[in-house]
Asker: 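Structure below; questions to follow.
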Amino acid sequence: MSFQTGLLKDNALKGKVVLVTGGGTGLGKSMGHYFCHLGARLIISSRNESVLQETAREMQKQHGEEVLALPCDVRDYEAVAGMFKEAINQVGRVDAVVNNAAANFISPTERLSPNAFHTILDIVLKGTANMTLVAGKHWINSGQAGNFLNIVTTYAFTGSGYVVPSAAAKAGVLAMTRSLAVEWAKYNIRSNAIAPGPFPTEGAWSRLLPDEMAKQFDPAKRVPLARVGEHQELSNLAAFLLADQSGFINGEVVTIDGGEWLRGAGQFNDFDKVPKELWDQMEKKRKGK
Ligand code: HXC
Ligand code: NAP
């Protein structure tokens, strides 16, 4: 079975202009590659201009279409508005925004400074709000349809210790997704989210599983399917949610985690550890009665 194969038909995103925040690295970069492969015109944005330019060049070389790299810090509303204006000036329109930029670190909450806590809230929640306000106002004022795809995480609904600012911010993004799915539907603007489980990236792994942690915690072991996700699997889902063919999906959060979060939720899921012999004994006793 190949988890690395593209799912959608050729040109599934032809004619669409997609803006991906955090599009220079990790999952944003992988999704961007696939959107280009499917014919989309891509704009990527993040803080680090040289990383963005390098990714844009790589994508252009591979897919033949120009990729626009526009640096900006999503925490700064004016910077986001300027970046979006530049995208419109250069490309003419933006049809979809993937709110993928994020920040995170692992820490006992009582060790965090207020600035550390606020930094994560600012990038994840305020950054997504800034991008959403800028694109939403533009789409509404110009009478154009729009599509938001917000990358959250499964602890947006469960919460999680040791990543509390991120959990609080992602929960806010999920609430925003569902709220605007209803409020802005009248403007033909869809809002959906994806909640990924573990997908190896340099950005997430270096911050959430630094050094010793990586030796002690194997993310694949928490997943019922006993593996981590492949970037192409996430890209397939994201491309589907951006395509017109998913046009009736609005306000949904799609989990893609191999069953990870439910594994911790079901009270009897740990019964995986019960040996076959014990099940045999119990069955024998029951049938004997
Ligand atoms: C505690 C920390 C810290 C850490 C920084 N700080 N790193 N506190 N533990 N590991 C504190 C600093 O001391 C400072 O507080 C405050 O946070 C801001 O730090 P700066 O370095 O000044 O901030 P900045 O330069 O803006 O960088 C932001 C960053 C950085 C979050 C610290 O890591 C970053 O840019 N990250 C972006 C990419 C990223 O995080 N990717 C992972 C996404 S993974 P004081 O009080 O000292 O001033 C993800 C996965 C979700 O979201 C689910 C996985 C399953
Ligand atoms: P990543 O490579 O570190 O991606 C984060 C991106 O956000 C980077 O490109 C970064 O670029 C950008 N960014 C950070 N702060 C920014 C700011 N202030 N303004 C603009 N851009 C900023 O990590 P990733 O794993 O691919 O994460 C991508 C998304 O998936 C995130 O939303 C994350 O929460 C989510 N997610 C990941 C996993 C996983 O297992 N990997 C699981 C669940 C959810 P710059 O540094 O250049 O700004």
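Whatever order the structure lists ligands and atoms in, that order sets their numbers, starting from 1. Throughout, numbering of the chain's residues begins at 1 and tracks the sequence. Keep in mind it's a predicted model, so treat the numbers as computed, not measured.
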Asker: How about H33 and H63: are their ring centroids closer than 6.0 Å?
Answerer: yes
Asker: Do D95 and R41 meet the salt-bridge criterion of a basic N to acidic O distance under 4.0 Å?
Answerer: no
Asker: Any non-hydrogen side-chain atom of Y77 less than 4.5 Å from a side-chain atom of V134?
Answerer: yes
Asker: Do the side-chain N and O atoms of Q281 and E277 include a donor-acceptor pair separated by under 3.5 angstrom?
Answerer: no
Asker: Nearest 0.5 Å please: distance from the CE atom of M31 over to the CG atom of L42.
Answerer: 10.5 Å
Asker: For the residue pair Y34 and H37, categorise the inter-ring angle as parallel (less than 30°), tilted (30 to 60°) or perpendicular (more than 60°).
Answerer: parallel
Asker: With a 4.0 Å heavy-atom cut-off, what residues sit around ligand 2?
Answerer: G22, T25, G26, L27, S46, R47, N48, C72, D73, V74, R75, N100, A101, A102, I123, I151, V152, T153, K170, P196, G197, P198, F199, T201, G203, A204, W205
Asker: Pairs under 3.5 angstrom only: tabulate donor-acceptor contacts from the side chains of residues 153-165 to other protein residues two or more places apart or in another chain.
Answerer:
residue, atom, partner, partner atom, Å
Y155, OH, N104, ND2, 2.9
Y155, OH, S166, OG, 2.7

Asker: So which residues, sorted by chain and number, lie with a heavy atom under 4.0 Å of ligand 1?
Answerer: R47, R75, A102, A103, N104, F105, L112, S113, N115, A116, T119, I120, T153, Y155, G203, A204, R207, L208
Asker: Is it the case that the side chains of R190 and S246 hold a donor-acceptor pair, with the cut-off being a distance below 3.5 Å and no angle test?
Answerer: yes
Asker: For residues 79-101, which residue pairs pass the ring pair (Phe, Tyr, Trp, His ring centres under 6.0 Å) check, not counting sequence neighbours?
Answerer: F84-H138
